Amino acid sequence: MLKDFFLNEVNNAIKKAVLSNKLGQMTEYADLNLIIEKPKNTDFGDFAVNVSSLARNAKIAPPLIANSILEYLNSDKYTASVTGGFINFKVSDLTLADTINEVLSLKNKYGSFEKSGELKKEKILLEYVSANPTGPFHIGHGRWAAMGSALANLLKFYGHEVYQEFYINDAGSQIQKLGNSLKIRILQELGENIDFPSDEIERKNFYPGDYLIPVAKKFLKEHADIDVHSCDIQILCDFAKNEMENCQRKLLEGFRVNFDKFYSELDLHKSGKVEARYKELKDKGFLYEQDGAIWFKSTQWGDDQDRVIKKADGSNTYLTADIAYHADKFDRGFDRLIDIWGADHHGYIARVKASLQALGYNPDNLEVLLGQLVNLIVDGNEVRMGKRKNMVTLDDLIEEVGVDATRYWMEMRNIDMTLDFDIELAKRSTDENPVFYVQYAYARVCSILRNAISEKLNPENGETSKAPMTENEFNNLINNFDKNIILKTTDCAKALILKLEEFKSVIALSAKNRTVYTICRYVQELAQEFHSFYNSNRVICDDKELMKSRLALMVAIKITLKNALDILGVSAPERM
RNA sequence: GCGUCCGUAGCUCAGCUGGAUAGAGCAUCUGCCUUCUAAGCAGAGGGUCGCGCGUUCGAAUCGCGCCGGGCGUACCA
């Protein structure tokens, strides 16, 4: 990465200057933690390092320091200059040519650190969505689904090994509620005069949403022989649960979210792991009884209160299984666990980490990304969402808005921000939708590349003219790329090429910070640089060498845009 | 009350571990299609960075205290 390269250049130059006693009272080189930046005003240069912070040790003015360091900066990769306490670098054409060469040779691996020495490869388990199988996804789930899958793509692309998991909360009282709700819907289908309780508290034991009506119909069709009045309620529970799971999985697939495993809480219980972990905590003396319940001493590891792990009625809490689940993740050999949770679960972090520590695992290897929730905006007004009321489901949203726009909208904001999802806005396929702007750039690039090797039809006289270059010539240009070719267009494409180079830094930083929105920002910036270039420079032109130079640039843009869009899970259309 | 996230242009948001004149998109206004897709480009206007104090050569950024909003604060999941 050029950023690192220039930082390294400055640090080396400082060392040399210190050794030659050129930096005032500075007699030894310490790691100074200098910052490389991109000047807003490009007249200064393409990159800059502020060395003012050396003034304290050197006891001389920043400009003098900068000039002393400048003496040791010399390379054909750049020209360096000084203004004030800043050392400015202008990238040479040679360096720009290297970048294009790198993109063209690495192709779909451009931006990846897979083979880089900087990569500390980790085996990561990323868990997200993990919804109850009690109903369709709501819009909030869509945020975790989009962000989680994009984060997985990002971390994989960067070079980590990533395993994606969905934890199914298919054990516990909510499944009973689901079965009971299905029973009512079936009886309604049979014409009985029955309904969900009108009392609000009673009603909380049911899922009165319409979505169980088709499930009831399907049940009657497949199980005409079963008497719903007298049958084991478990049959209804299982049927409803399977239906819900299937519908969730189908949606995820269409939303380009691909889990490696759906981990069933029920299976976890059956495996005996939950009970085993309970025993382990008990044997270690971390449990105690109070008011008929069993409590876990989570305060011992920083939680603000102890937590019930077995209720007075003998059943487990949600936490009990979650402890076993997270311990099991580590036991399966993962170096790092990343969970995406809604901000409403924030109180859970301390207790889960406490339990991991109690069981002898390092809680720092569990990262919980807390996502703020999604507000749905309809007609300019916020719509409250409740699982039990009629709601806008993720299905509805995707159908109206499309997978690309829905994903992009979910991904483009920092996870710390409450997301206002304005349906009307996202539906518009106009300028207000940045995803079209980016896809349009891609389609335009593809169009140019097509035109470069296609013969052209003149609509006035019906004659066709020869293609600007043959397919062989084109392939030869790209596959046996001579970097000198690009020098022909570096002067007007400099900003664009530097933006392509920046992709590597963006990937590294995004992977480190676990952010996806930074990829969205980048892809918009790259598209903008391209559109700007496009409007003032023709790619296909009479100057053959210039055309080759620009075609190579177009291919580099195409590759980089595609790599970024693939991470986001947004399609890259060749035509629009 | 406590914990946590947020408060930057009319709107939606960037601003990386403090650094050159606080940025982008949308909206508003002005230009640009006989040549590769105008879903585009070029330009203009628009901000006491919620408020106050502190640390620093330097604060939107760090610390403390307020103000305003979201979420949480269960023997629910």
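Every value quoted in this text rests on a predicted model; they were computed, and no experiment measured them. Letters go in sequence order (proteins before strands), and every chain restarts at 1.
- Sorted by first then second residue, the salt bridge (charged side-chain N to carboxylate O under 4.0 Å, His left out) pairs that include residues 521-536 of chain A, not counting sequence neighbours, are A:K499-A:E525.
- A:N375 and A:T418 form no side-chain donor-acceptor contact under 3.5 Å, judged by distance and modelled atom types alone.
- The CG atom of A:N375 sits 15 Å away from the P atom of B:G69 (whole-angstrom rounding).
- Taking the ring centroids of A:F44 and A:F86, they lie at or beyond the 6.0 Å cut-off.
- RNA chain B is contacted by both A:Y440 and A:G347; A:Y440 maps to the nucleotide lying nearer its 5′ end (nearest heavy atom per residue).
- Atom name P, nucleotides B:C16 and B:G31: the rounded distance is 38 Å, in whole Å.
- Among the atoms of the strands shown, only primed sugar atoms or phosphate atoms (P, OP1, OP2) are found under 4.0 Å from some heavy atom of A:A343.
- Taking atom P in both B:A39 and B:A27, the straight-line distance is 14 Å, to the nearest Å.
- Across all strands shown, A:S532 has heavy atoms under 4.0 Å from sugar-phosphate atoms exclusively, and none from any base.
- Rounded to a whole Å, the CG atom of A:D306 is 14 Å from the P atom of B:A74.
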Donor-acceptor pairs are to be reported for all side-chain atoms of residues 341-350 of chain A against protein atoms at under 3.5 Å, with residues two or more places apart or in another chain.
unit_1 : atom_1 : unit_2 : atom_2 : d
A:W341 : NE1    : A:D339 : OD2    : 3.4

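- Looking only at distances, a side-chain donor or acceptor of A:R514 sits under 3.5 Å from a matching main-chain atom of A:A511.
- Considering only the side chain of A:F436, B:A39 comes nearest among B:G40, B:U37, B:A39.
- In this structure, the NE2 atom of A:H345 is 18 Å from the P atom of B:C5, given to the nearest Å.
- When heavy atoms are screened at a 4.0 angstrom cut-off, A:R307 is found touching no nucleic acid atom at all.
- Across B:C6, B:A38, B:G40, the shortest atom-to-atom separation from the side chain of A:Y534 is found for B:A38.
- The same atom, P, is picked in B:G70 and in B:U12; the two are 15 Å apart, to the nearest Å.
- Applying the side-chain hydrogen bond (donor to acceptor under 3.5 Å, both in side chains) rule to pairs touching residues 440-452 of chain A yields A:Y440-A:R444, A:R444-A:H531, sequence neighbours excluded.
- Side chains of A:R550 and A:T489: a donor on one and an acceptor on the other come within 3.5 Å.
- Note on A:Q372: a base of the nucleic acid sits closer than 4.0 angstrom, heavy atoms only.
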Which string of ( ) [ ] | and . matches RNA chain B, if you list each base 5' to 3' and count Watson-Crick or G-U pairs only when both distances are under 3.5 Å? (((((((..((((.....[...)))).(((((.......))))).....(((((..]....))))))))))))....
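- Across all strands shown, A:E289 has no heavy atoms under 4.0 Å from either base or sugar-phosphate atoms.
- Straight-line distance between the C1' atoms of B:G63 and B:U21: roughly 28 Å, to the nearest whole Å.
- Separating the P atom of B:U8 from that of B:G52 is a span of 16 Å, rounded to the nearest Å.
- Heavy-atom nearest nucleotides on RNA chain B were determined for A:Q305 and for A:A527, and the one closer to the 5' end corresponds to A:A527.
- Comparing the same atom, C1', in B:C49 and in B:A44 gives a spacing of 23 Å after rounding to whole Å.
- Between A:R444 and B:A39, a side-chain N or O to OP1/OP2 separation shorter than 4.0 Å is absent.
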Mark up nucleotides 13-20 of chain B, 5' to 3', with B wherever a protein heavy atom is under 4.0 angstrom from a base atom, S wherever such an atom reaches only the sugar-phosphate, and - elsewhere. SSSB--BB
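- For the residue pair A:Y278/A:N316, the side-chain donor-acceptor check at 3.5 Å is not satisfied.
- For the P atoms, the distance from B:G46 to B:G10 is 11 Å, rounded to whole Å.
- Listed by residue number, the members of residues 537-544 of chain A with any heavy atom below 4.0 angstrom from RNA chain B are A:N537, A:R538, A:V539, A:I540.
- Checking A:Y408 against A:Q524 by side-chain atom types alone, a donor-acceptor pair falls below 3.5 Å.
- A:H346 comes within 4.0 angstrom of a nucleotide base, judged by non-hydrogen atoms across all strands.
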